[in-house]
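Worksheet: the structure to be examined is printed underneath.
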Amino acid sequence: MAQAINVEDLNIYYGDFLAVEDVTVTLQPRSVTALIGPSGCGKSTFLRTLNRMHEVIPGAYAKGSVEIEGSDIYGPGVDPVNVRRRVGMVFQKPNPFPTMSIKDNVLAGVKLNNKRISRSASEELVETSLKGANLWEEVKDRLDKPGLGLSGGQQQRLCIARAIAVKPEVILMDEPCSALDPISTLAIEDLIHEMKQDFTIVIVTHNMQQASRVSDRTGFFNIAGTGKPGHLIEIDETEKMFTNPSNSQTEDYISGRFG
Amino acid sequence: MSATPARTASSGLVTGSGASERRLPWYHLLLTAAIAIALAAIVLVLFDSFSIGGLVVLGYVLHLVIGYGYSRIREGRRWANDRFATLLVFGAFAVAMIPLISLLWEVLHRGLGKLISPYPGYFWTADMAGVVGGMVSGGIAHAIVGTLLITLGASIISVPIGLLTAIFLVEYARYGALRVLGRGITFLVDVMTGIPSIVAGLFGLALFITITNDPGIRIGLMGSVALSVLMVPTVVRSSEEMLRLVPLELREAAYGLGVPKWLTIVKVVLRTSIAGLTTGVTLAIARVIGETAPLLLTVGALPMMNGNLFSGRMQTLPTFINSQYRSGNAVCNSDAITNPITHMQYACSTTINYDRAWAAALTLILMVMILNIVARLVSRLFAPKLGR
């Protein structure tokens, strides 16, 4: 079910502004790829092009090709809605639907799409998704309570459960722990470890320790200056990136000599 | 930090101006108020112009001065300023309440009597057919039905147009040519907000005369159309504000699950903001339900029940109030009046027209109030829920 992502010559724009230039990279299936880099370098922007979420912003678009399972998601006639069903996303701030219970939040992908689902199937989906997000034990007695009543860390795991309930092939995480405390962060990182058995995971993080803890490969984005486009400087095995990077910019950044 | 008198009174460090700063308990205000009221009473009696209203006003003004001075001496400059500002705020609140309370009191006082005589409910169930002169009978059933129907018609026209326009402005008019179009619509909506209601009435009249080629046409639907001209901009503006309040993250969360845009709008954006949308629509209805001028032009008046929006004149509460009040005092040549058709005898009252007008006004206020309560309940029912 997990798929590799082949990105070729991807240029990402906000209106006339070129935000990220010429990214060519292959993201491995059943592994975690971390994207690091300074603020504004385009790593979140790049992440959002992988499920065509980028174009939700007025005037934003991308040129180039992103192939998942051999088909280009930017090809003609491709419906972004279908892309997003295959490539799930977890956001920086936990964003459960405020009008829905815990259970309905997990089932949101089904219910919001007006799909019919039998009662037993929905109960099973809720349980497996919440178990997959390591949240089942904490909420199994209050599935009908509002999702907003959970703590921040639990809400973020609820959002992960919501994403995996759609059964995607790829899961994108945009700084999923930046709004959470260390304990909740640990819970999410453990979860990412387990999830890579089933999914291709791409995670954007500002925390280099986190990148070294959770990822198999790490990519470093950098920007030459304000107003210039961001570039993917280097991507390699995480261990090599943090011990012996081949590019001097990467070394400066991870050793704190950046800027 | 200087709330504890013991610390601040003895410590020269905390006091900025050198005077001792300490907070006295609130009942010191009663003392200064009593002094101010007493002083005001003495002054008024001396000038031989004592009245309760004068006492309150002069007492308040004197209290501003006396309370400030007392606080300045005992508590220091900062607290004195605080006392002064607090008194001003409470004064403004009291002034703002005067028209509201006096209006409610006046309408209740003048309207309630007619509303419950000869028995509660009669006034709401009878119409004005066959009621002449100072005859103590007749009611407003026809006007209530007319007001409800015409307002309902206006809502049925305005809410979909207004809501869909707001959705277009918030969700679609975001970039390029659509954005320019959206700006234009916003401008026109703002202009529409300022249209005088009589002009809306003329519009409704002219529109239907043009369509039907009958200069004498007066039907309920015309009133609905005229009112909807007034209602649409209110609905657009309030719905737009509410839709903009829905965080972008929620839309993205839905998109991220592979939910199409239209379903995201229907099931996430509208669902999340429905409490606010209901409030906005209620306010828009409350704004038009008391409109008189456009209804006088388009719907006319009728002394009896007409429940058909699409044919004939109708009576509405605002126009009923207007016509009753304009009729003025009735003439009573004897104590009783006989209905020439039914031969039933009724008592005669010279003030009956005024009584009916006030009772109808009270009914109109009650209707708006009930509408507000219902909207609040709906809001509460749909509001995003917190809690563990």
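We name chains A, B, ... by the order of the sequence lines, and we start the count at 1 in each one.
Looking at Pro80(A), there are no atoms closer than 4.5 Å to chain B (heavy atoms on both sides), in backbone or side chain.
Residues of residues 183-197 of chain B never come within less than 4.5 angstrom of chain A, heavy atom to heavy atom.
Within a 6.0 Å radius of CH2 in Trp136(A), other residues, nucleotides and ligands contribute more than 12 heavy atoms. Heavy-atom neighbours of Tyr172(B) OH from other residues, nucleotides or ligands within 6.0 Å: above the threshold of 12. Atom CG of Leu100(B) has more than 12 heavy atoms from other residues, nucleotides or ligands within 6.0 Å.
Within the 4.5 Å cutoff, the side chain of Asn114(A) has heavy atoms near those of the Lys267(B) side chain. Counting heavy atoms from C-beta outward, Thr272(B) and Phe97(A) have side chains that stay 4.5 Å or more apart. Contact check for Leu112(A) versus Val268(B): side-chain heavy atoms found under the 4.5 Å cut-off. Residues Asp79(A) and Pro260(B) have side chains not in contact (no heavy-atom distance under 4.5 Å, counting atoms from C-beta outward). In this structure the side chain of Arg162(A) reaches within 4.5 angstrom of the side chain of Leu257(B), judged on heavy atoms. Pro247(B) is not listed as a side-chain neighbour of Asn95(A), based on a closest heavy-atom distance of 4.5 Å or more.
Heavy-atom pairs under 4.5 Å with chain A peak, among Glu249(B), Arg179(B), Arg251(B), at Glu249(B).
Looking only at distances, a side-chain donor or acceptor of Arg174(B) sits under 3.5 Å from a matching main-chain atom of Val56(A). No donor-acceptor pair closer than 3.5 Å links the side chain of Arg84(A) to the backbone N or O of Gly256(B).
Using a 4.0 Å cut-off between charged side-chain N and carboxylate O, Lys93(A) and Glu252(B) make no salt bridge.
Here the straight-line distance linking atom OH of Tyr255(B) with atom CE of Met53(A) works out to 9.0 Å at 0.5 Å rounding.
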